[in-house]
Amino acid sequence: GQWYRVLVSTFLHGDPIHLVCNLVALWMAGTVLESLVGRAWFFAIYFVSAVAGSAASLLWHEPSVVGVGASGAIMG
């Protein structure tokens with residue numbers, strides 16, 4: 001019943017290295033994509049990817065698995 005966690009989990013990272021790797025990936029790919037599609041579309045793509053990644057994680061894993069979804073949003 002706590003569906004807000006689908007979005008909130010996309011801002012979580014496992015450790016500092018995970019955070020740095022995601023920041024570098026977002027900076028490298030994000031600057032290119034944002035220049036191609038614009039800021040609003042970039043945000044929309046990131047948001048949809050974040051929710052879809054979290055939903056896929058919920059469907060794939062057992063309910064007892066704790067996940068962090070920042071990478072799913074970036075890979076989308």
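Side-chain atoms are counted along with the backbone in the values below, which use heavy atoms only and exclude waters and symmetry mates.
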Applying the 4.5 Å side-chain criterion to the ILVMFWY set and letting contacts propagate, would [X] and [Y] be lumped into a single cluster?
X: M28; Y: I74; answer: no
X: L58; Y: F47; answer: yes
X: L19; Y: V8; answer: no
X: W27; Y: V32; answer: no
X: L7; Y: W3; answer: yes

Does some side-chain heavy atom of Y46 sit less than 4.5 Å from a side-chain heavy atom of L33?
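Of all side-chain heavy-atom pairs linking Y46 with L33, none is under 4.5 Å.
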Is there side-chain contact between T10 and S54, with at least one heavy-atom pair below 4.5 Å?
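Contact flag for T10/S54 side chains = yes.
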Gap separating the CE atom of M75 from the CG atom of N22, nearest 0.5 angstrom
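The CE atom of M75 sits 6.5 Å away from the CG atom of N22.
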G53 backbone acceptor or donor facing S57 side chain under 3.5 Å:
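No, S57 side chain to G53 backbone: no donor-acceptor pair under 3.5 Å.
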Restricting to non-hydrogen atoms, name the atom on S49 and the atom on A73 that form the minimum distance, rounded to 0.1 Å.
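Taking S49 first and A73 second, the nearest heavy atoms are CB-O, 3.6 Å.
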Answer yes if the side chains of H18 and S71 hold a donor-acceptor pair under 3.5 Å, and no otherwise.
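Checked: H18/S71 side chains pair up, N/O donor to acceptor below 3.5 Å.
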Is the number of heavy atoms from other residues, nucleotides or ligands within 6.0 Å of CG (L36) greater than 12?
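Buried by this count: over 12 neighbours within 6.0 Å.
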